[in-house]
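Okay, so here's the structure we're looking at.
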Amino acid sequence: MGFFIEVLVGGLMAGVLYSLVALGFVLIFKASGVFNFAQGAMVLFAALSFVRLLDILKDTFAPMLLSLAITIAIMIVLAIAIERLVLRPLVNQPGISLFMATLGIAYFLDGFGQAIWGSDIYTLDVGIPKDPVLLFESVFEGGVLLSTEDMVAALVAGVLVAVLALFFQRTRIGRALRAVADDHQAAQSVGIPLNYIWVIVWTVAGLVALVAGIIWGSKLGVQFSLSLIALKALPVLILGGFESVLGAIVGGLIIGAGEKLSEVYLGPYIGGGIENWFAYVLALFFLLFRPQGLFGEKHIDRV
Amino acid sequence: MFYREAGQFKTSYAADQAVFPIAQDRIFIGIWLLIGFVAIPLLSNEYLFRAIFIPFLIMALAALGLNLLVGYCGQVSLGTGAFMAVGAYAAYNFWIRIPGLNPLIAFALAGGVATVVGILFGIPSLRIKGFYLAVATLAAQFFIDWVFSRIGWFTNYTPSGSIAVPPVSVFGFEFDTPLRKYFLCLTILVLFAVIAKNLVRGRIGRSWMATRDMDVAAEIIGIRPMYAKLSAFAVSSFFIGVAGALWGFIHLGSWEPLAFDVNRSFSILFMVIIGGLGSILGAFLGAAFITVLPLILNQMPQWLGIQLSTAMISHIEFMIFGALIVFFLAVEPQGLARLWRIAKEKLRLWPFPY
């Protein structure tokens with residue numbers, strides 16, 4: 001029983017990290033209807049910028065804060081550039097063209113990030129304790145072994161979601177974002193500037209990518225494979241629904257737990273390495289019952 | 001003036017239903033066939049065959065298949081690489097398990113297996129639409145990748161997991177030189193292009209296009225969505241499966257599952273989008289563009305005389321590739337095939353402004 005809970009909790013924690021990446025996807029899809037494949041590349045780019053700046057600025061008085069500030073600035077510039085150079089020329093194009101364009105952005109960012117920051121594996125240490133802790137020793141035999149790192153990550157993700165929820169519900173810009181997400185045309189006709197909103201939302205997605213990049217980077221090291229976690233976040237998305245922040249969180253938890261449990265309990269019977277596709281098949285199974293994802297908006301077709 | 005159909009009267013039903021009703025189109029296709037079958041074999045060398053023409057022909061076949069599904073039926077699929085892998089591994093298994101089997105028949109059977117797998121993974125499309133479906137097809141990609149790298153039977157238990165095949169020979173005729181391989185691929189591609197062209201202008205193609213334009217409306221006017229969608233998956237997978245078998249047997253000769261990973265799927269989807277959705281010509285243009293572009297980017301630093309490390313070159317390649325994709329999408333979102341449509345329009349009017 002202790003072992004089961006350990007695997008389950010480990011999976012849920014990993015799921016939180018998937019949620020962090022999926023969150024960036026959801027924000028952009030909600031506000032601009034763009035299926036942003038570049039989110040993974042943005043995670044890599046943000047993490048690379050941060051870790052390299054940290055190295056360059058290590059002799060200044062506050063390297064952590066300074067490089068964080070500069071990376072945030074870089075992500076804002078990136079958002080503006082994407083809006084100007086990619087979204088604006090492609091406005092009103094079919095979704096598939098925009099999706100392909102974000103694939104182009106992903107290629108560009110992968111190349112650009114590694115060209116200017118180098119392509120080695122960088123270790124990132126932001127002071128998150130790494131020692132595992134034992135919990136519930138009195139309840140189960142052997143207790144439940146948890147990694148502190150994962151718990152910090154889960155905490156950060158929770159705070160991030162709460163901040164985002166506040167931002168969406170309470171601020172003027174947040175209301176504008178929700179209006180745009182509901183109906184582009186109506187939002188524009190009441191005077192909400194779409195271009196400005198897109199810059200904001202890509203910036204927010206960039207910041208979410210930065211947080212995800214720092215957490216993933218301190219766990220695995222900052223390297224090219226960070227870019228591929230986008231592929232891990234996709235099943236989370238279709239499971240939770242493209243339009244739902246809550247969906248990204250719940251989807252992430254389900255996928256994370258399902259993946260770890262299947263690897264441990266199912267893996268030995270059908271051969272290892274099933275992590276790669278199990279999430280997709282799990283998501284597919286849910287989709288057969290709810291084609292718009294668990295929390296997605298039901299799409300009504302009219303002729 | 002060069003492309004005016006005025007004065008070309010159709011005097012029989014056969015002429016009215018011709019594949020290319022306009023004389024200029026027929027001439028144009030004839031010129032391309034001449035270039036393909038005569039000019040290129042005469043003028044080109046082994047390197048060009050190996051590096052450009054053979055990959056281009058096979059990729060064009062795969063892009064053609066994917067275009068039937070994405071461009072004509074509107075079902076976005078990111079599992080192309082996996083269906084190619086199914087074709088390649090199926091052809092390999094038919095070929096080693098049935099001694100003396102004609103490789104061409106093995107390729108056709110491989111296409112058949114890919115068709116079955118394609119229909120299986122197409123079933124979710126009956127319920128799921130749009131990007132949900134696109135992500136769902138990634139399930140096929142990762143699952144099939146896993147199957148071929150983990151289950152030894154498919155690779156005949158080779159210890160390294162990679163497969164090597166000797167040159168294909170049909171009735172004692174060896175396809176061992178690049179020139180012969182080129183002719184084999186070209187012939188197959190032309191055959192499949194004719195099939196595709198005829199499919200999309202017939203009843204089945206029209207039912208695909210109706211489904212693409214609006215599936216609910218199509219259903220209401222009496223098109224069975226299950227039949228339309230699954231037939232699109234089936235035909236497309238057959239094309240892609242044959243392309244995969246050719247890619248393994250003719251182009252690579254020896255391969256491992258990585259040859260058909262998710263990047264292959266993306267690059268073929270790029271071909272379809274850059275070439276032009278819903279256009280047979282577009283599949284060719286897109287395949288040419290995506291095949292040639294990396295080669296040019298790779299050679300560029302040498303031509304410009306810049307010394308760069310290989311890692312740097314590959315990063316810059318990535319950057320330029322990504323930027324060009326975005327650029328092309330922004331300049332011509334309907335793909336390269338539209339440039340030809342514009343050119344036709346201009347040729348019709350020239351030298352008059354309108």
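What you see is a predicted model; the values in this text were computed from it and never measured. What's counted below: heavy atoms across the whole structure, side chains too, no hydrogens, waters or symmetry copies. To find a chain, count down the sequence lines: A is the first, B the second, and so on, and within it residues start at 1.
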Kindly determine whether B:Phe143 and A:Leu284 satisfy side-chain contact (heavy atoms from CB on, under 4.5 Å), including the steps that lead there.
-> CA-CA 12 Å; B:Phe143 180 69; A:Leu284 197 58; over 6 Å; no

Pick one of side chain, backbone, both or neither for A:Ala115, based on which atoms fall under 4.5 Å of a heavy atom in chain B.
-> both

What's the verdict on side-chain contact (heavy atoms from CB on, under 4.5 Å) for B:Val326 and A:Leu85, showing C-alpha distance, side-chain angles and the deciding distance?
-> CA-CA 9 Å; B:Val326 174; A:Leu85 300 175; 6.0 Å; no

Contacting region of B:Leu329 [heavy-atom separation from chain A under 4.5 Å] | both

Which atoms of A:Leu90 come close to chain B, meaning under 4.5 Å heavy atom to heavy atom: side chain ones, backbone ones, both, or neither?
-> side chain

Highest number of heavy-atom pairs under 4.5 Å with chain A among B:Phe321, B:Phe328, B:Phe131 belongs to B:Phe131

Of all the heavy-atom pairs spanning B:Ala323 and A:Phe108, show the shortest one and how long it is.
-> CB-CD1, 4.1 Å

Under 3.5 Å, side chain of B:Tyr132 to main-chain N/O of A:Phe242, donor-acceptor pair present?
-> yes

Are B:Phe270 and A:Tyr107 near enough that their ring centres are under 6.0 Å apart?
-> yes

Stepwise, does the side-chain contact (heavy atoms from CB on, under 4.5 Å) test hold for A:Tyr280 with B:Val135?
-> CA-CA 8 Å; A:Tyr280 282 94; B:Val135 178; 3.9 Å; yes

Contact origin within A:Phe289 toward chain B - heavy atom pairs under 4.5 Å = backbone

Residue pair A:Phe99, B:Leu78: steps toward the side-chain contact (heavy atoms from CB on, under 4.5 Å) verdict = CA-CA 12 Å; A:Phe99 165 64; B:Leu78 296 175; 4.2 Å; yes

Proximity breakdown for B:Leu133 and chain A, heavy-atom pairs closer than 4.5 Å | neither

In terms of heavy-atom proximity below 4.5 Å to chain A, should B:Ile221 be classed as side chain, backbone, both, or neither?
-> neither

Honestly, the part of B:Phe327 sitting under 4.5 Å from a heavy atom of chain A is neither

Closest contact, heavy atoms only, B:Arg127 versus A:Leu288 | NE-O, 2.6 Å

